[in-house]
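Below, each value reflects all heavy atoms present in this structure, side chains not excepted, and no hydrogens, waters or symmetry copies.
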Amino acid sequence: QVQLVESGGGSVQAGGSLRLSCAASGNSFSRTCMAWFRQAPGKERESVAAIYTPDGGTYYSDSVKGRFTISQDDAKNTVYLQMNSLKPEDTAMYYCAADGSCRAWWYSARLRPAYWGQGTQVTVSS
(Lines give C-alpha, C1' and ligand atoms only; values in the text may rest on other atoms or scores of the structure.)
Protein backbone atom coordinates (compact mmCIF):
# COMPACT_ATOMS: atom_id res chain seq x y z
CA GLN A 1 0.00 0.00 0.00
CA VAL A 2 0.99 3.58 -0.64
CA GLN A 3 -0.14 6.68 1.24
CA LEU A 4 -0.04 10.12 -0.34
CA VAL A 5 -0.64 13.46 1.39
CA GLU A 6 -0.84 16.67 -0.63
CA SER A 7 -0.32 20.20 0.65
CA GLY A 8 0.34 23.68 -0.69
CA GLY A 9 -2.87 24.54 -2.48
CA GLY A 10 -4.51 27.92 -2.15
CA SER A 11 -5.73 30.99 -3.95
CA VAL A 12 -3.56 33.17 -6.15
CA GLN A 13 -4.01 35.81 -8.80
CA ALA A 14 -3.30 35.13 -12.45
CA GLY A 15 0.40 35.27 -13.16
CA GLY A 16 1.28 34.12 -9.67
CA SER A 17 2.95 30.95 -8.42
CA LEU A 18 2.23 28.09 -6.06
CA ARG A 19 4.16 25.00 -5.03
CA LEU A 20 2.35 21.79 -4.24
CA SER A 21 3.91 19.03 -2.17
CA CYS A 22 3.11 15.33 -2.01
CA ALA A 23 4.54 13.29 0.85
CA ALA A 24 4.62 9.58 0.07
CA SER A 25 4.96 6.52 2.27
CA GLY A 26 4.47 2.80 1.94
CA ASN A 27 5.70 0.27 -0.61
CA SER A 28 8.51 2.03 -2.46
CA PHE A 29 8.25 -0.27 -5.50
CA SER A 30 4.64 0.86 -6.01
CA ARG A 31 5.53 4.56 -6.13
CA THR A 32 8.49 4.77 -8.48
CA CYS A 33 6.28 6.93 -10.68
CA MET A 34 4.82 9.98 -8.97
CA ALA A 35 2.35 12.21 -10.72
CA TRP A 36 -0.01 15.15 -10.47
CA PHE A 37 -3.49 15.21 -11.89
CA ARG A 38 -6.17 17.87 -11.73
CA GLN A 39 -9.91 17.99 -12.03
CA ALA A 40 -11.95 21.12 -12.59
CA PRO A 41 -15.70 21.22 -11.85
CA GLY A 42 -17.64 19.47 -14.58
CA LYS A 43 -14.51 18.19 -16.29
CA GLU A 44 -12.66 14.90 -16.37
CA ARG A 45 -9.55 14.34 -14.32
CA GLU A 46 -6.49 15.05 -16.45
CA SER A 47 -2.81 14.33 -16.07
CA VAL A 48 -0.56 17.31 -15.45
CA ALA A 49 2.95 16.00 -14.82
CA ALA A 50 4.78 12.87 -13.77
CA ILE A 51 8.26 11.88 -12.69
CA TYR A 52 9.91 8.49 -12.77
CA THR A 53 11.90 8.67 -9.56
CA PRO A 54 14.71 6.19 -10.33
CA ASP A 55 16.08 8.34 -13.15
CA GLY A 56 14.20 11.62 -12.78
CA GLY A 57 12.55 11.35 -16.18
CA THR A 58 9.61 13.73 -16.46
CA TYR A 59 6.37 13.99 -18.37
CA TYR A 60 4.22 17.11 -18.87
CA SER A 61 0.89 17.81 -20.46
CA ASP A 62 0.96 20.36 -23.25
CA SER A 63 -1.22 22.75 -21.23
CA VAL A 64 1.41 23.18 -18.49
CA LYS A 65 4.68 22.60 -20.33
CA GLY A 66 7.05 25.49 -19.72
CA ARG A 67 5.06 26.76 -16.72
CA PHE A 68 5.00 23.84 -14.29
CA THR A 69 7.94 21.83 -12.99
CA ILE A 70 7.77 18.49 -11.20
CA SER A 71 10.66 17.54 -8.93
CA GLN A 72 11.55 15.10 -6.19
CA ASP A 73 13.33 15.07 -2.85
CA ASP A 74 14.29 11.47 -2.21
CA ALA A 75 15.42 12.13 1.37
CA LYS A 76 11.95 13.43 2.23
CA ASN A 77 10.00 11.00 0.00
CA THR A 78 8.32 14.09 -1.37
CA VAL A 79 7.41 15.23 -4.86
CA TYR A 80 6.75 18.87 -5.71
CA LEU A 81 4.84 20.67 -8.41
CA GLN A 82 6.09 24.21 -8.93
CA MET A 83 3.40 26.14 -10.79
CA ASN A 84 4.36 29.48 -12.34
CA SER A 85 2.47 31.90 -14.59
CA LEU A 86 -0.80 30.52 -13.31
CA LYS A 87 -3.94 31.09 -15.33
CA PRO A 88 -7.61 31.00 -14.30
CA GLU A 89 -7.98 27.80 -16.33
CA ASP A 90 -5.50 26.12 -13.96
CA THR A 91 -8.17 26.30 -11.26
CA ALA A 92 -8.90 22.74 -10.13
CA MET A 93 -8.50 20.16 -7.42
CA TYR A 94 -4.99 18.80 -7.75
CA TYR A 95 -4.31 15.18 -6.89
CA CYS A 96 -1.06 13.38 -6.24
CA ALA A 97 -0.87 9.86 -7.65
CA ALA A 98 1.60 7.00 -7.58
CA ASP A 99 2.28 3.86 -9.56
CA GLY A 100 5.11 1.50 -10.34
CA SER A 101 5.32 2.79 -13.89
CA CYS A 102 4.72 6.05 -15.74
CA ARG A 103 4.68 4.64 -19.26
CA ALA A 104 1.93 2.16 -18.41
CA TRP A 105 -0.68 4.89 -18.09
CA TRP A 106 0.70 8.28 -19.27
CA TYR A 107 -0.02 7.55 -22.94
CA SER A 108 -3.28 5.74 -22.24
CA ALA A 109 -6.69 7.38 -22.39
CA ARG A 110 -8.07 4.74 -20.04
CA LEU A 111 -5.43 3.61 -17.56
CA ARG A 112 -4.63 5.55 -14.42
CA PRO A 113 -2.15 5.25 -11.51
CA ALA A 114 -3.01 2.85 -8.73
CA TYR A 115 -2.74 5.14 -5.70
CA TRP A 116 -4.23 8.56 -5.02
CA GLY A 117 -4.13 11.32 -2.46
CA GLN A 118 -7.11 13.30 -1.22
CA GLY A 119 -6.39 16.38 -3.28
CA THR A 120 -5.62 20.04 -2.67
CA GLN A 121 -7.55 22.95 -4.16
CA VAL A 122 -5.89 25.52 -6.40
CA THR A 123 -7.85 28.62 -7.33
CA VAL A 124 -6.52 31.21 -9.76
CA SER A 125 -8.41 34.47 -10.06
CA SER A 126 -8.22 36.86 -13.00
Checklist entry - Cluster question for you: counting only ILVMFWY and a side-chain heavy-atom cut-off of under 4.5 Å, with indirect links fine, are Y80 and L20 together? => result no

Checklist outcome for this item: Heavy-atom closest pair (Q121 atom, A92 atom, distance to 0.1 Å) is NE2-O, 3.4 Å

Checklist entry - Donor-acceptor pair, T120 side chain versus Y94 backbone, under 3.5 Å? => result no

Checklist entry - Could you state the interatomic distance from CG (L4) to CD (Q118), rounded to the nearest 0.5 Å? => result 9.5 Å

Checklist entry - So, for W36 and S21, which heavy atoms are closest and what is the spacing to 0.1 Å? => result CH2-O, 3.5 Å

Next on the checklist: If I take atom SG from residue C96 and atom CZ from residue R31, how far apart are they, to the nearest 0.5 angstrom?
Outcome noted: 10.5 Å

Item to check | Heavy-atom pair with the smallest gap, counting every atom of V122 and G9 | outcome: CG2-CA, 4.2 Å

Checklist entry - So, for Y115 and S30, which heavy atoms are closest and what is the spacing to 0.1 Å? => result CE1-CB, 3.7 Å

Next on the checklist: Within this structure, what is the OH-OH distance for the pair Y59 and Y107, rounded to the nearest 0.5 Å?
Outcome noted: 5.0 Å

Checklist outcome for this item: Smallest heavy-atom separation, A50 atom then C33 atom, equals CB-SG, 4.3 Å

Item to check | T58 side-chain N/O to I51 backbone N/O, donor-acceptor pair under 3.5 Å | outcome: no

Item to check | Separation of N77 CG from M34 CE (nearest 0.5 Å) | outcome: 8.5 Å

Item to check | Check against side chain to side chain contact (heavy atoms under 4.5 Å, CB included), S47 and W105 | outcome: CA-CA 10 Å; S47 57; W105 56 267; 4.3 Å; yes

Item to check | Flag if over 12 foreign heavy atoms under 6.0 Å of CZ, R112 | outcome: yes

Item to check | Donor-acceptor contact present, side-chain E6 to main-chain G119, <3.5 Å | outcome: yes

Side-chain donor-acceptor distances from residues 81-89 under 3.5 Å, at least two apart:
{"unit_1": "Q82", "atom_1": "NE2", "unit_2": "N84", "atom_2": "OD1", "d": "2.9"}
{"unit_1": "N84", "atom_1": "OD1", "unit_2": "S17", "atom_2": "OG", "d": "2.9"}

Checklist entry - Rounded to the nearest 0.5 Å, how far does CD of E46 lie from CD of Q39? => result 9.5 Å

Checklist entry - Under a single-linkage rule joining Ile, Leu, Val, Met, Phe, Trp and Tyr whose side-chain heavy atoms are separated by less than 4.5 Å, which residues share a cluster with V5? => result none

